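Protein chains get the first letters and strands the later ones, always in sequence-line order, with residue 1 at the start of each. Keep in mind it's a predicted model, so treat the numbers as computed, not measured.
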Amino acid sequence: MNLVRAELERLAARRFVQLMLALLVAAFAVTAMTTLVGSHRPSSTEVADAQRAAAEERQSLEAAYQQCLAAARGTLPPEEADDFPDDCSALDWAQRDRLPVATDHLQGVFNFAAQARPLLYLLILFLVLFGFLVGASYIGADLSTGGVVNLLIWRPRRLAVLGAKLGTLLGALTVVSVLASTAYGGTFWLIGQTAGMPGATGGDFWPWLWLTWARGVALVLFAATAGFAIAILGRRTAAALGAVMAYTVVWELGLRVVVEVVGIPRGEDWMLSTYLDAWLTGEARLADATVCQDLSSGYCDGTYQLGWGLGLAVLLALVGGLTVAAFAVFRRRDLI
Amino acid sequence: MSAVIEIEGLRKTFHGPYRSRQVAVDGFDLLVGRGEIHGFLGPNGSGKTTTLRALLGLVRADAGRMRLFGEDVPHRSAAVAGRVGAIVETPQFFGNFTGHRTLRLLALAGGVPTRRVDEVLDQVGLRGRGDDEVKGYSLGMRQRLAVASALLKEPELLILDEPANGLDPAGIREMRDLMRDLAAAGATVLLSSHILGEIQLICDHVTIISRGRRVAAGPVEGVLAGHDQHEWRVGVPEQGRAAELLRRAGLPVDEYAEHLVVGGVSDVGELSRLLGEQGLWVRELVPLRPDLESVFLELTDDGAERPELVDEPAPADAGEGRLIDLDVTVGDDPEARA
């Protein structure tokens, strides 16, 4: 327990961690401020106009769908019928994910419910970056400055010391994530309430938000653990940063180009980003023309899905593998 | 006297890229008794720091047996860690941490009462600078901070690798006094240093390592005595004639501008008489005793030149050595040499 207390104090006192926290707060503040400045509470006239515009848009969609059906029945003049596809399901607004609503037509008004998804993803992105950098530098700096050696002279149990460091890191990051998310989410909710619109927060909005947030926090912990493990394997912080850069350039960008040029089917299956997407959003929908080749009849949109379960399994395998390797290497490594 | 540190047959080879390998320690033995201030000497790359790191569990030995307070290490390191304070080479600290915080975190991690922090800061002369950031410390102050970290646990065994690094003369003297105080309080100190004069002043026992092997060990006086060449500096008026006389008596003689250095002298009275009988009246007769540096350089083959010898007043007992063959005659003055 004393070791965890000491590590927590060491982590909090690190200049790099303090700098990263300041940058995190600054990024949140800039995002909130620009949102606040660019939003206003709509007047009743603006709301009425927006509602009318949304209703007109819905009518327009219905009219187009009906015309498509008419064209299919052959009751439309040929010159007009040419503008519509044979399959009218694409124009069936009832099959759309969402219908036009009034808030779509409110300019300069922040809608909390409508913006929650991108804002949450931005929050998770910030926290993942924060977690990875702090995780890597926390152990990387200790390794390169001899701090770990000092500690091991005091506590000559390598795995326990490393475990305490990792546990402290993940615990601290969980607290930071919860606090940052509360402040971030609360700020935008308040902006929606006072300087914008709360939007449609009924139905599965809050369950979806909580679930995605929880997945995001898990992703932050995965990123921090991966940064921590790679820095141990490479003996320094820069190793973790270099590994991510190299992976991104060589694999995610380079291999993606090769896959597209060569035309390898389901090339996305080899990309880590696919599984990150699947885990965070619940499902990764990927394009693959070959899925329709064997289909003689029925509808085929040329996509396939990877679920969050597979995403989680891949991430756990990767992070778990890195962590086990890091602990195994550190246990036997000569600290010189 | 029970042994605090026992190392037998320690071996460690470092493996580099392309199958390169470097034998750092090759069958090294070390024995440090309780209450000793034990000097650990060796040239750069001789295996000193590797030995200390292996003892502290930071480097995995390939072979050999190590014990601290009778416990096998590194397997039982945790059982004795609370009794051992150590610094290995110059420890690095986070620059933006204060000295006080640096020690406080170590104390917390080691389960030591944090009140010890102020005590050890005082002990190493950093009182008043504890609240300054470490990045503002001089090398000597960082070294003091490192020693303070080793003292936090009130250790029974203190392992210090080059503790005088960066210290000014006053700091070195303070460090020396600190070692003596600790030893007087019952602590055992293993002190690795390149400052051989300091080792000779502080330590009662010494182990010398060269190329990964022990080349000398024992009480400092014993090690020095084992390498005493029984040499004397002799000042005489007719230096060349005196040198030839002594050579004929079977003694090795080196000639210098102002004096001779005569080796193998077991009875200085006989030497004086031999010269006096030939009318060579001695005006200077000084024993040359080896110091730790000369022994060190001789044993570690790092001295390309003849070891420097130090002057000491002539003792009452000249010690043991070869008897001078007095049955010689004096020939012509040899050609004067520088």
Side-chain angles (χ1 to χ4, degrees), chain A residues 1-22 134 137-169 172 232 235-237 328-336, chain B residues 12-15 24 49-50 52-62 68 73-82 84-98 101-114 133-135 145-146 149-150 152-153 155 159 161:
Chain A
M1 198 58 209
N2 280 336
L3 181 58
V4 172
R5 267 183 64 201
E7 285 305 312
L8 197 58
E9 188 173 333
R10 187 194 308 274
L11 180 64
R14 291 280 311 283
R15 186 63 54 85
F16 181 77
V17 174
Q18 292 169 351
L19 177 67
M20 290 302 297
L21 267 176
V134 168
S137 80
Y138 175 46
I139 189 68
D142 253 9
L143 286 169
S144 56
T145 62
V148 167
V149 169
N150 275 354
L151 198 54
L152 287 174
I153 290 174
W154 280 72
R155 299 287 290 253
R157 295 179 188 274
R158 292 191 181 199
L159 297 187
V161 165
L162 208 56
K165 279 183 173 290
L166 181 58
T168 305
L169 171 72
I232 290 171
R235 295 175 186 259
R236 49 181 53 81
T237 309
V329 165
F330 186 74
R331 181 170 171 268
R332 298 187 60 84
R333 174 180 287 169
D334 288 335
L335 297 171
I336 51 177
Chain B
K12 176 64 186 177
T13 301
F14 289 108
H15 298 273
T49 299
T50 299
L52 296 183
R53 286 181 183 272
L55 190 64
L56 294 168
L58 302 173
V59 161
R60 295 175 68 86
D62 298 327
L68 284 174
V73 290
H75 307 296
R76 296 272 300 152
S77 289
V80 294
V84 181
I87 57 171
V88 185
E89 293 187 315
T90 303
Q92 303 294 313
F93 301 105
F94 284 115
N96 68 307
F97 284 14
T98 64
R101 168 170 268 165
T102 301
L103 296 181
R104 189 183 124 74
L105 290 176
L106 283 174
L108 264 178
V112 172
T114 49
E133 290 188 343
V134 173
K135 67 184 174 193
L145 184 64
S149 73
L152 268 176
K153 288 184 275 190
I159 298 173
D161 192 9

Distance-only check: which donor-acceptor pairs under 3.5 Å involve side-chain atoms of residues 151-163 of chain A, not counting sequence neighbours?
residue : atom : partner : partner atom : Å
A:R155  : NH1  : B:A109  : O            : 2.6
A:R158  : NH1  : A:F330  : O            : 3.0
A:R158  : NH1  : A:R333  : O            : 2.4
A:R158  : NH2  : A:R333  : O            : 3.2
A:R158  : NH2  : B:G57   : O            : 3.0
A:R158  : NH2  : B:L58   : O            : 3.0

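- Here A:N2 is the residue among A:V149, A:N2, A:L3 with the most heavy-atom pairs under 4.5 Å with chain B.
- When side chains are defined from C-beta on, A:R15 does not count as touching B:F97, because their heavy atoms never get closer than 4.5 Å.
- When heavy atoms are compared at a cutoff of 4.5 Å, B:K153 approaches chain A by way of both its backbone and its side chain.
- For A:A164, no part lies near chain B; criterion is any non-hydrogen pair under 4.5 Å.
- Between atom CZ of residue A:R14 and atom CG of residue B:N96 there is a gap of 8.0 Å, rounded to the nearest 0.5 Å.
- Interface residue B:R53: only side-chain heavy atoms are found under 4.5 Å from chain A.
- For B:V73, no part sits under 4.5 Å from any heavy atom of chain A, backbone or side chain.
- Residues B:R60 and A:R331 share a closest heavy-atom pair of NH1-O, 4.0 Å.
- Other residues, nucleotides and ligands contribute only 12 or fewer heavy atoms inside 6.0 Å of the NE2 atom of B:H75.
- Taking the side-chain hydrogen bond (donor to acceptor under 3.5 Å, both in side chains) definition, one finds that B:T49 meets it with B:D161, sequence neighbours left out.
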